[in-house]
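Shown next, in structure tokens, is the structure this report addresses.
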Amino acid sequence: MSQSFIEQKNVHHSLGMTDADVIKIYRTMRLARLFDERSELLQRAGKVAFHVSGQGQEAAQAAAAHALDLAHDMFFPYYRDYAFVLGVGCEVSDLMLSLFAKAADPFSGGRQMPGHFGYKAKRIVTGSSPVTTQVPHAAGFALVAKMRNQPSVSFVTFGEGSSNQGDFHEGLNFAGVHKLPVIFFCENNQYAISVPYVKQMACAKVSDRAAGYGFPGVSVDGTDPFEVYAAVKTARERALRGEGPTLIEAQMYRLMPHSTSDDDSQYRSKAEVQAERERDPLPRMLMYMMQTGIWDDVKEAELKAECVKIINAATELADKAPYPVAEDTLKHVYEGD
Amino acid sequence: MSQSFIEQKNVHHSLGMTDADVIKIYRTMRLARLFDERSELLQRAGKVAFHVSGQGQEAAQAAAAHALDLAHDMFFPYYRDYAFVLGVGCEVSDLMLSLFAKAADPFSGGRQMPGHFGYKAKRIVTGSSPVTTQVPHAAGFALVAKMRNQPSVSFVTFGEGSSNQGDFHEGLNFAGVHKLPVIFFCENNQYAISVPYVKQMACAKVSDRAAGYGFPGVSVDGTDPFEVYAAVKTARERALRGEGPTLIEAQMYRLMPHSTSDDDSQYRSKAEVQAERERDPLPRMLMYMMQTGIWDDVKEAELKAECVKIINAATELADKAPYPVAEDTLKHVYEGD
Amino acid sequence: MAKISYLEAIRSAMREEMERDADVFVLGEDVGVKGGVFHATKGFYEQFGEMRSLDTPLAESAIAGVAIGAAMAGMRPIAEMQFADFIFPATNQIISEAAKIRYRSNNDWNCPLVIRAPFGGGIGGALYHSQCPESVFFGTPGLKIVAPSTPYDAKGLLKASIRDNDPVLYFEHKKCYHSITGDVPEEDYIVPIGKADVKREGHDITVITYGLMVHYVLRAAEELSKEGIETLVLDLRTIQPLDVDAIIAAAKQTGKVLIVHEDNKTGGVGAEVAAIIAEEILYDLDAPIQRLAAPDVPAMPINPIQEKFYMLNPDKIAAKMRQLAEW
Amino acid sequence: MAKISYLEAIRSAMREEMERDADVFVLGEDVGVKGGVFHATKGFYEQFGEMRSLDTPLAESAIAGVAIGAAMAGMRPIAEMQFADFIFPATNQIISEAAKIRYRSNNDWNCPLVIRAPFGGGIGGALYHSQCPESVFFGTPGLKIVAPSTPYDAKGLLKASIRDNDPVLYFEHKKCYHSITGDVPEEDYIVPIGKADVKREGHDITVITYGLMVHYVLRAAEELSKEGIETLVLDLRTIQPLDVDAIIAAAKQTGKVLIVHEDNKTGGVGAEVAAIIAEEILYDLDAPIQRLAAPDVPAMPINPIQEKFYMLNPDKIAAKMRQLAEW
Ligand SMILES: Cc1ncc(C[n+]2csc(CCOP(=O)(O)OP(=O)(O)O)c2C)c(N)n1
Ligand SMILES: Cc1ncc(C[n+]2csc(CCOP(=O)(O)OP(=O)(O)O)c2C)c(N)n1
Ligand SMILES: [Mg+2]
Ligand SMILES: [Mg+2]
């Protein structure tokens with residue numbers, strides 16, 4: 001619940017970040033939020049079938065993306081990571097094409113659900129629905145980086161509920177034994193669908209789990225982009241020095257229902273959600289930038305307008321884009337088919 | 001490497017144990033060791049095909065068994081736990097029948113490998129070869145004990161290598177969330193077949209893992225029966241009070257190759273094994289008992305003779321016992337067949 | 001008799017068994033407070049309390065493994081896999097443990113466990129919320145596998161599964177939940193595991209199927225009936241053990257057999273059904289044994305064009321049936 | 001040509017591929033310092049160093065999952081499951097991930113992975129060191145599955161698997177390791193995935209099989225030859241994708257087909273082979289399609305009486321072949 005970064009005026013300078021860095025992160029957050037809100041609308045309007053929201057998680061995602069090396073690192077995002085994938089180079093139109101399940105969807109050619117990323121050109125590794133399978137993959141890429149002596153770090157995200165899967169344990173353990181360059185980034189949004197944190201695990205923090213793998217675990221305020229940025233930077237440097245993985249827990253709150261198929265009033269109160277809206281990273285980041293003097297109402301209006309234009313254009317493009325061809329269902333089971 | 005219990009004269013009194021308790025534990029250890037040695041001989045002589053040894057692990061196993069409630073607790077031993085199963089009421093003849101794969105083998109009717117226990121009358125739950133699957137089962141029994149409000153604790157053992165399996169993580173987490181009465185007992189004998197501890201996990205102690213599940217983890221000298229006894233007693237009381245599980249790591253050394261199919265000179269030096277023989281719990285327990293005055297050469301000779309007699313009788317019985325009937329292969333796939 | 005939905009049949013089977021037998025309880029992701037993502041356990045938390053409608057951590061191997069432990073301890077757990085696609089992390093517990101507990105212990109222990117798993121597609125679920133994973137478990141002795149198509153069968157088979165003393169995988173078709181309704185007796189009944197059911201009599205061709213496809217086949221059969229072709233429709237209901245007698249009888253009746261399933265063709269349950277017929281009554285056949293199933297691709301895409309291409313439907317089935325009838 | 005064992009064929013295939021291509025490496029439990037519990041990777045640690053013969057923690061899902069990651073990263077990992085029975089904890093990684101990576105990414109990513117798994121029984125391995133798990137993975141599109149019977153095929157298929165750009169499950173029969181030797185060319189060669197092989201020509205009956213059973217069938221065929229019955233023996237070699245053309249040709253040649261496998265009968269690969277024949281060339285058959293396989297029990301017991309009862313052998317096979325010939 002730290003309000004610290006808002007109160008402090010120059011957190012970002014003390015972290016070696018320029019004003020432009022901050023604006024870039026904010027822009028990513030803003031774009032992701034607008035995409036997310038638009039997706040909700042499109043779903044409610046019956047234009048698309050399904051959306052899974054990342055609202056409340058944008059600060060952590062955008063800041064983490066900004067702390068990574070887009071030319072060398074490898075990314076293993078999970079389904080809420082719109083801000084993250086925008087931060088590492090995806091376009092809103094990519095997200096929209098995926099949301100509409102159109103042929104030009106770069107993640108899967110309209111095959112997978114929205115939120116299932118994968119884009120080799122952007123160093124995003126293909127992901128699936130069964131949670132946490134990507135965690136050992138991230139270790140596998142890191143193993144190869146170590147074998148080939150490449151300055152590449154695997155950055156993999158997952159929810160806190162997913163840290164209860166066997167693959168979490170096995171993946172972190174493998175990376176720990178071989179001191180692999182991996183950042184395990186848990187977006188702890190307090191719920192696994194309807195199951196609250198206390199019914200998921202009995203340790204106080206997800207980061208407590210790192211002790212079992214012999215590498216550091218840190219918990220940060222996931223609504224504070226600067227804390228997240230600093231933690232990811234530190235973890236990345238550690239990884240590059242050959243000292244091995246870090247488990248980062250970014251603590252936050254899932255502001256929306258689990259997905260458009262979920263009714264969260266079945267398991268949590270409106271009051272709880274309302275209270276958590278106080279920590280919504282977007283207005284707080286805006287306040288920080290205003291207070292710091294690098295932002296003002298005019299710039300905000302301009303940005304908003306620019307983002308809306310992007311979203312509108314992407315929506316139109318995706319809406320009009322063709323679906324895949326029926327017979328192409330048979331393609332790409334094996335090489336050459 | 002504590003020599004402490006040998007140096008102290010009345011460790012057992014300070015733990016509330018009688019002399020008879022100590023002698024009972026020692027007898028179990030002795031019997032298990034003799035069974036183990038005999039099995040090695042039988043295998044080398046071609047009388048049986050395969051043996052997996054528990055030598056070096058008897059103190060922890062026998063002491064743990066002695067700390068449990070044989071009328072209420074449920075046991076989930078792993079394949080090296082001869083001293084443990086003897087301690088909870090199995091006979092050497094049971095072990096021999098299983099070693100010879102005879103029809104009267106109470107664990108499996110000659111179906112499973114030796115070291116695969118399971119005996120409802122003795123509260124031993126059936127186990128298999130794929131490691132660590134028994135860990136969630138132990139949580140399941142403990143869940144039922146909690147539901148039914150029974151004073152029953154699940155006691156489950158496994159090697160340190162097995163603590164890297166997904167089922168370890170998922171089982172401990174489940175038990176932690178629901179504060180179930182389970183004692184997770186890791187027999188850390190330093191190797192998973194050929195793979196030494198440092199190549200299995202990067203945490204200093206297996207017990208470090210408990211932090212990730214929100215319950216205590218303790219490491220004890222697994223060659224010291226009193227340390228083990230005390231730890232298991234404490235964990236059991238905690239479980240019965242409804243405070244949840246404990247992870248106990250008993251540190252020890254596998255004195256023999258992984259199994260009779262293994263040649264350990266391929267991956268560890270004779271010198272290392274020789275040095276570890278110094279910590280062999282059997283002579284040390286004997287020394288303690290001698291120094292404490294509850295044991296002497298005559299009693300030792302008597303016990304040895306009694307044990308050899310038991311082993312001989314069991315060997316003969318098992319050797320002569322009939323194999324299962326061929327057509328019974330088809331039985332017990334489902335109820336009633 | 002009351003007309004209820006397939007989902008309500010499943011819910012009421014569980015509810016009644018839980019009322020009847022204190023050893024029955026449900027566990028799984030979101031089955032407690034929320035009442036299940038499909039609401040199969042709606043109201044259970046309120047009626048039976050937390051411990052009998054237990055929200056678990058997100059860990060399928062633990063859900064299966066803990067349930068196996070509880071079953072061996074004498075309870076009758078019903079473990080829910082949120083989607084059948086997510087049963088795979090529990091494979092080791094199901095195949096190495098549940099299936100082998102009675103056998104390996106020489107009948108000393110047993111495992112009265114039900115694993116419910118919503119399966120099947122045609123609901124815009126994409127690759128990982130549409131799969132038919134039954135063929136992965138089919139052929140593992142020690143497991144029973146059922147896949148009902150109607151509310152009557154769903155309720156009766158679930159009750160039979162809960163009362164069974166061996167592990168049962170219960171595949172329920174998501175698309176049937178609300179779209180299929182049917183009459184169900186007010187009084188307690190079971191549908192025995194291992195018995196197929198003739199859902200329609202006919203003397204021209206035989207179609208053997210299960211799950212959602214039963215309804216599509218019946219629709220196709222209606223269509224063909226107008227053309228003068230009468231179809232015997234055998235609903236397997238239980239996939240393992242297969243009702244060999246019923247399969248043989250149904251095949252013999254017409255001598256022309258088509259096997260239809262939603263799962264992909266190669267290595268599916270249909271292969272075994274075909275093999276049994278080819279082994280037992282080859283000389284009674286008047287046409288090659290046909291199979292109609294999904295294409296051999298990993299799973300169905302989400303976009304509506306390709307989902308439709310992937311999924312069978314009454315038209316595709318009718319076309320194949322017509323072909324067979326004309327053979 | 002050199003006469004080498006089946007195990008040496010596997011080892012030399014890996015060694016030569018690792019010498020040829022720096023992207024090839026092995027990982028698994030005990031594959032490094034010890035050289036594998038069956039010594040399949042003996043000497044690799046010394047020749048290629050720790051990173052290319054990597055001892056992993058005891059965690060099959062990680063072995064598969066890390067290997068999948070490495071494969072997507074451009075390497076050609078060979079992951080060893082110590083026993084095929086222990087492949088099940090990795091099921092989710094194999095079925096949900098490896099098999100679907102190319103498809104779900106619309107060809108953007110691929111997964112050139114080999115998983116080696118020693119399978120099969122008759123070696124006193126009991127329930128959990130004897131299993132034939134191929135039918136669990138058979139029918140999952142996106143996977144290739146091979147199961148060679150001879151040193152020549154073992155070496156050639158392993159090389160082909162390593163060079164393949166999709167995931168391959170390589171089931172090697174433990175009982176063949178030392179008991180089967182055969183000629184293998186000195187020079188580099190591959191055996192293409194997807195091609196069955198006629199191991200013996202014959203015009204009376206056709207036996208289709210794979211793995212260890214190839215040798216038992218050949219021995220039975222010898223026996224029957226003395227009685228004047230000539231058997232065509234088709235070794236599938238690749239289980240997925242099946243060589244449909246070769247199956248059809250072999251079945252047509254004699255019109256009498258027996259399918260033999262060590263795996264239990266129901267839901268085995270034999271069911272699909274039978275179904276294909278019954279679908280494609282029913283009218284060319286002179287006898288019902290027979291299957292001979294292990295009984296439908298969870299796995300084989302360790303005691304020698306029941307292990308023998310469970311396992312097929314040349315005598316049991318010959319008896320069934322005789323029956324078919326006399327049909
Ligand atoms: C193996 C598996 N089991 C179940 C599901 C269904 N499911 C999708 S998301 C989810 C909850 C995930 O919670 P968490 O990891 O905390 O991530 P969050 O959704 O909260 O971001 C569940 C149970 C799944 N996708 N994969
Ligand atoms: C899932 C699984 N994978 C592999 C094996 C083969 N295996 C048997 S014992 C063993 C090593 C176990 O090491 P650890 O857990 O430390 O127990 P220890 O044998 O040292 O007592 C292995 C790899 C197995 N039994 N189960
Ligand atoms: Mg969450
Ligand atoms: Mg060990």
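Source: prediction; values computed, not measured. Note on naming: letters A, B, ... go to the chains in the order of the sequence lines (proteins, then strands), and numbering restarts at 1 for each one.
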Which pair of non-hydrogen atoms, one from [X] and one from [Y], has the smallest distance, and what is that distance?
X	Y	value
B:Ser194	D:Asp30	OG-OD1, 2.6 Å
D:Pro298	B:Val333	CD-CG2, 3.8 Å
B:Pro324	D:Ile305	O-CG2, 3.5 Å

Check whether [X] gets within reach of chain D through its side chain, its backbone, both or neither, counting any heavy atom under 4.5 Å.
X	result
B:Asp262	both
B:Ala326	both
B:Asp105	neither
B:Val325	backbone

Are a donor atom and an acceptor atom from the side chains of B:Gln165 and D:Glu60 found within less than 3.5 Å of each other?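 Looking only at side-chain atoms, D:Glu60 and B:Gln165 do form a donor-acceptor pair, the distance falling under 3.5 Å.
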Given a strict heavy-atom distance threshold of 4.5 Å, which part of D:Asp85 is in contact with chain B: side chain, backbone, both, or neither? neither
How many angstroms lie between atom [atom1] of [X] and atom [atom2] of [Y], to the nearest 0.5 angstrom?
X	Y	atom1	atom2	answer
D:Ser61	B:Asn164	OG	CG	13.0 Å
D:Ile302	B:Tyr323	CD1	OH	10.0 Å
B:Thr329	D:Phe309	OG1	CZ	5.0 Å
D:His129	B:Met113	NE2	CE	4.0 Å
D:Ile123	B:Phe50	CD1	CZ	10.0 Å

When you check the gap from the basic side-chain N to the acidic O, do D:Glu29 and B:Lys199 get nearer than 4.0 Å? no
Which one of D:Tyr310, D:Phe86, D:Phe88 has the most heavy-atom pairs closer than 4.5 Å to chain B?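 Winner by heavy-atom pair count: D:Phe86.
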